[in-house]
Amino acid sequence: MIRASNILRVGFALAVWCGAALAADPLPPEKIGVATAPVPTPHRLYLTDLQIAHITDGVVHIVDGQSFKYLGMFSTGLFGITALTSDSSEMLVASTYYTKRNRGDRFDQLEAFDTKTFALKKEIQIPAKHAMALPYKGTIAPSVDDAWVFIQNATPLSSVTVVDHKAWKVTAEIPTLGCWIVLPSQSNPRRFATLCGDGTLVTVTLNEKGDSATQARSEKLFDAEKDPLFVQGERVGDSYYFVSYEGNVKVINVGGDVAKVEDAWSLVDDADKKAGWKPGGYQLQAVHAATKRLYVGMHDAAKNGSHKNPAKEIWVFDLATKKRIQRAPGSNSIAMALTKEAKPTLYAYDGINLNFVRYETAPELKPVASGDKVGDFAGLIETH
Amino acid sequence: MIRASNILRVGFALAVWCGAALAADPLPPEKIGVATAPVPTPHRLYLTDLQIAHITDGVVHIVDGQSFKYLGMFSTGLFGITALTSDSSEMLVASTYYTKRNRGDRFDQLEAFDTKTFALKKEIQIPAKHAMALPYKGTIAPSVDDAWVFIQNATPLSSVTVVDHKAWKVTAEIPTLGCWIVLPSQSNPRRFATLCGDGTLVTVTLNEKGDSATQARSEKLFDAEKDPLFVQGERVGDSYYFVSYEGNVKVINVGGDVAKVEDAWSLVDDADKKAGWKPGGYQLQAVHAATKRLYVGMHDAAKNGSHKNPAKEIWVFDLATKKRIQRAPGSNSIAMALTKEAKPTLYAYDGINLNFVRYETAPELKPVASGDKVGDFAGLIETH
Amino acid sequence: MKWFDEFFERQARAVAQKTSRRSALTKISRALVGTAFLLPVLPFARVAQAAHGGGAAPDAKLDPMNDTHCEYWRYCSLDGFLCTCCGGSVTKCPPGSQASSVTWIGTCHNPDDGRDYIVSYNDCCGIASCGRCFCNANEGERPGYRLSVHNDVNWCMGNESSIYHCTVSVVLGVSGGAG
Amino acid sequence: MKWFDEFFERQARAVAQKTSRRSALTKISRALVGTAFLLPVLPFARVAQAAHGGGAAPDAKLDPMNDTHCEYWRYCSLDGFLCTCCGGSVTKCPPGSQASSVTWIGTCHNPDDGRDYIVSYNDCCGIASCGRCFCNANEGERPGYRLSVHNDVNWCMGNESSIYHCTVSVVLGVSGGAG
């Protein structure tokens with residue numbers, strides 16, 4: 001009886017309100033709804049946040065870099081690793097679930113969130129081995145044509161799960177013992193390379209079905225002991241630009257059967273070395289192919305263990321001349337990414353103030369604006 | 001081959017270390033282990049933390065009130081509601097799960113954590129209706145003899161799930177429409193009362209098997225409109241001490257078939273009223289039966305909506321004379337609890353600094369020490 | 001006005017489901033003096049805010065017409081994250097979330113037109129906690145035995161996923177027809 | 001010495017499982033100067049700490065023998081929550097959690113005896129993140145292709161529950177037999 005009488009009462013009250021509305025123009029009754037995601041721009045930023053203090057509750061924050069307005073989020077769960085598809089239409093997430101939240105049976109999934117609607121588009125179970133890693137670029141990666149998704153595994157033994165993106169099924173698990181990070185090739189979408197602990201790269205080439213692969217190990221291309229490469233590679237065609245702990249650039253081509261070094265040079269001169277300037281951060285550099293620019297987060301007085309320090313400065317190099325052409329304030333950057341534009345904007349993530357800083361890149365690199373705090377334990381930016 | 005050779009290498013290295021150990025007394029190799037939970041004392045504090053910014057990751061923090069040392073935690077998940085058993089041997093938690101963390105199929109569980117070992121002792125599925133409420137006392141409650149566990153439900157329709165604690169099975173779901181909070185009786189462990197929106201209390205009496213119940217509604221015992229009772233009731237025998245928004249005490253006996261008011265008086269005199277002193281907080285009062293003391297968190301300049309404000313002062317009342325006998329600093333208390341001792345200690349949780357404050361209660365109430373920050377969105381203290 | 005009819009029916013059902021009294025619709029007058037809420041950055045500021053709210057001097061930055069601040073007039077009984085800071089708006093849930101099927105209700109004074117309005121606080125559900133712009137206001141808020149005006153429960157409770165994300169504030173109408 | 005034999009075998013297996021090189025056991029000298037880490041309260045302080053660590057003046061409060069502070073000597077490559085703040089100890093996981101079956105390794109200088117020690121950083125697993133005393137030190141830390149000396153992965157990965165809670169620091173022995 002309670003229900004019926006209340007409906008009458010509510011109905012009466014609403015009728016009264018409606019009468020009032022006509023008489024004196026109060027605010028009209030409103031309808032609740034769900035917002036439509038805004039049309040993406042090149043300045044839309046995706047920030048992957050591990051949330052270490054609440055490890056099962058990872059997210060990707062979606063922010064408009066022009067207004068720094070918060071647009072929404074994707075839930076990524078326990079050590080979710082993330083990558084935009086090459087066409088930016090989906091955010092790919094590999095994550096781990098337990099049937100009882102923190103316990104029970106483990107299962108892993110690859111999930112695709114629609115960047116147009118922010119809704120979960122599709123999901124598929126994958127081998128329960130996905131690398132529970134901080135969000136480094138290349139822990140998960142689409143092929144350049146988005147036909148394949150490559151997912152780093154660690155049990156801690158390394159392997160790579162291959163997913164046919166169109167058929168949306170797992171086709172293979174490729175053992176890559178002692179190697180880490182997927183580096184897709186541009187010229188051959190069924191090929192990727194991976195960095196190995198002995199200083200070699202292993203190049204994996206899948207067959208057409210993606211269910212078997214050949215592997216070829218390069219010569220030793222870097223010294224993993226004395227001058228390790230940061231795993232954050234910036235791709236231009238088939239070439240990946242890496243920087244090393246000691247401040248050397250190495251350009252490695254992954255287009256062929258076997259990876260090879262194309263070029264190598266140093267970011268630091270004798271004076272820089274004396275002051276201890278070295279690269280540091282998580283996503284610590286960015287490359288823009290058209291304008292031939294390399295941006296690297298640097299800190300001075302570097303010492304054993306400072307290689308993840310926030311940037312004191314961001315150094316700008318001309319890839320043609322291999323010369324430093326500018327030093328800009330570092331904004332405590334621990335992650336940075338360029339917009340995919342002919343005249344790019346650089347976005348840095350300040351690891352101390354936990355906010356985005358926008359830099360114009362021309363005529364020279366310059367911080368121009370910063371947003372409010374976003375994220376708690378974030379380390380990877382992607383631009384739409 | 002890698003594995004075998006490494007085992008040899010590690011073996012060799014360890015042999016070398018052992019040699020060194022004998023020669024010059026370096027630190028010996030250590031063994032990893034899991035700590036044993038300390039023996040509980042009356043000063044062990046359990047703090048239920050909803051973690052609203054990470055709603056699936058709720059916890060109970062366990063802290064030693066004497067040293068303020070952090071002892072461990074229980075995971076309580078999504079809006080887990082909690083209660084110590086009457087013998088303090090278990091922390092009971094009713095929580096909600098989804099098969100895919102944030103989505104999928106919902107199921108609810110009652111879980112019992114062992115306060116001796118901090119391990120999950122047992123779990124059972126319960127109707128998927130548990131009240132997703134802030135951690136108010138009485139959202140879940142054991143009977144005084146620990147034979148039964150009563151769990152508040154909300155769909156939002158109210159009901160109470162009854163669990164046979166020894167048999168560890170659900171025996172009934174009792175509809176309690178429009179009512180909220182379980183108030184177990186001492187004299188009859190199969191009886192509880194609940195506060196209803198029309199100002200009555202409904203008394204529920206279970207049969208011996210706990211699978212059916214009779215209900216009796218009291219007369220109107222309080223004015224839910226003009227002077228609502230805070231739901232935090234402090235039990236002495238069959239009597240619950242409540243305070244109201246306007247600062248009145250109401251003592252309600254739930255021992256009989258029908259609840260009745262035993263006593264009622266005011267916390268505030270005319271001068272207090274003029275200054276706007278009113279009770280406020282979440283777990284806003286505590287009663288000590290042996291010493292006949294009531295402690296209430298109070299704030300002045302109260303206004304509509306200030307009833308959850310942290311305490312500016314804690315007022316002490318003598319239950320025999322119904323007089324205020326002391327005003328002590330409030331420590332921004334939003335929750336407080338007494339140790340279960342003949343000469344009790346009061347612990348308050350500072351809702352602004354997010355730490356515990358210890359008060360001696362004799363010869364008078366006085367804050368004597370405070371701990372480090374613990375918790376993010378906590379609102380309920382229990383003492384062992 | 002089809003949307004309005006549907007809206008009316010849905011709200012009436014929702015209200016009927018969760019209250020056994022007409023209390024939800026009772027006009028509760030709003031004290032304007034001293035309602036200067038801080039804009040909290042962290043969740044625990046809910047209490048800091050509540051504390052400072054008591055008798056704090058009005059602050060010029062606290063604009064009752066700014067819907068990303070706690071002191072926005074509609075938020076007088078809102079306990080949660082503002083959807084306006086989470087990718088939604090005052091009345092719209094962020095993309096990818098779902099509006100709650102049941103709600104609690106407040107009565108808030110609009111300083112712009114001098115009227116008191118019934119506001120429905122719908123939680124938005126199904127994605128991880130937003131964690132931004134936490135507010136905790138409690139005008140007219142009552143304990144759980146008056147569930148329809150209680151804000152210390154998860155109003156995503158009736159949804160397919162009851163994961164709480166943020167809260168919107170939807171005007172249902174003028175309070176008690178007094179506007 | 002049965003416990004030691006078991007320990008030896010278990011550690012040897014664990015190390016063998018996760019590294020393809022002897023690098024884990026390579027002595028990495030520890031720079032003592034300027035290793036003044038702050039004691040962070042919030043997770044994001046990992047980076048603040050890292051930033052301030054660079055060239056900061058020594059602080060009397062930063063005691064390398066206090067095991068609830070980031071600058072405790074064993075924590076030279078620890079990235080996570082200190083179990084000493086979570087109900088455990090330097091070598092023991094908090095009650096109710098499980099020690100990780102695989103680990104990463106650091107080489108840390110003990111100022112008390114002047115020796116460098118191999119330290120195994122075991123994560124403790126199976127209960128929600130502790131969230132207290134976050135530290136991020138990276139001496140000798142290497143990228144994921146040297147997984148056994150990499151601290152940006154979840155070393156609970158091999159456990160029945162891989163939920164990360166906190167990290168302990170277990171002395172395996174003197175580095176390179178040089179002690």
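We name chains A, B, ... by the order of the sequence lines, and we start the count at 1 in each one.
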Engineer: Checking D:Arg132 side chain against B:Val374 main chain: does a donor-acceptor pair fall under 3.5 Å?
Structural biologist: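 Side chain of D:Arg132 to backbone of B:Val374, a donor-acceptor pair under 3.5 Å: no, none is there.
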Engineer: Count the heavy atoms of every other residue, nucleotide or ligand shown that sit under 6.0 Å from CD of D:Glu160, and state whether that count exceeds 12.
Structural biologist: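 Counting other residues, nucleotides and ligands, CD of D:Glu160 stays at 12 neighbours or fewer.
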Engineer: Give the minimum heavy-atom separation between D:Pro95 and B:Phe118, together with the two atoms involved.
Structural biologist: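 That closest heavy-atom pairing would be CB-CD1, 3.5 Å.
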Engineer: Working to the nearest 0.5 Å, report the span between CG of B:Asp372 and OG1 of D:Thr68.
Structural biologist: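 B:Asp372 CG to D:Thr68 OG1: 9.0 Å, rounded to 0.5 Å.
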Engineer: Please report the closest heavy-atom contact between B:Leu27 and D:Trp73, naming both atoms and the distance.
Structural biologist: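 Distance-wise, the nearest heavy atoms are CD1-CZ2, 3.5 Å.
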Engineer: Which of the residues D:Asp113, D:Ile127, D:Ile163 is involved in the greatest number of heavy-atom pairs with chain B at under 4.5 angstrom?
Structural biologist: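 Going by pairs under 4.5 Å, I would pick D:Ile127.
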Engineer: Give the member of D:Gly96, D:Ser89, D:Ala128, D:Ser169 that has the highest number of heavy-atom pairs under 4.5 Å with chain B.
Structural biologist: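 The candidate making the most pairs under 4.5 Å is D:Ala128.
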Engineer: Which heavy atom of B:Ala35 sits nearest a heavy atom of D:Gly88, and at what distance?
Structural biologist: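 Taking every non-hydrogen atom into account, CB-CA, 4.3 Å.
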Engineer: At what distance, to the nearest 0.5 angstrom, does OG of D:Ser129 lie from CD of B:Gln51?
Structural biologist: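 One gets 9.5 Å once the value is rounded to the nearest 0.5 Å.
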Engineer: Do other residues, nucleotides or ligands put more than 12 heavy atoms under 6.0 Å from D:Lys92 NZ?
Structural biologist: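 At most 12 heavy atoms, drawn from other residues, nucleotides or ligands, come within 6.0 Å of this atom.
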Engineer: Is it true that a side-chain atom of D:Thr91 and a backbone atom of B:Ile32 form a donor plus acceptor pair closer than 3.5 Å?
Structural biologist: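 Judged by distance alone, no pair lies under 3.5 Å.
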Engineer: Can a donor-acceptor pair be found, under 3.5 Å and without considering hydrogens, that links the side chain of B:Glu30 to the backbone of D:Val171?
Structural biologist: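 Yes, because the side chain of B:Glu30 sits within donor-acceptor range (under 3.5 Å) of the backbone of D:Val171.
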Engineer: Looking at SG of D:Cys86 and OH of B:Tyr70, how far apart are the two atoms once the value is rounded to the nearest 0.5 Å?
Structural biologist: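 Reported value, rounded in 0.5 Å steps: 7.0 Å.
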Engineer: Answer whether the closest heavy-atom distance between the side chains of D:Val174 and B:Pro26 falls below 4.5 Å.
Structural biologist: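 Yes. Closest side-chain heavy atoms under 4.5 Å.
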Engineer: Against chain D, label B:Val59 side chain, backbone, both or neither, depending on which of its atoms sit under 4.5 Å from a heavy atom there.
Structural biologist: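 Contact with chain D: side chain only.
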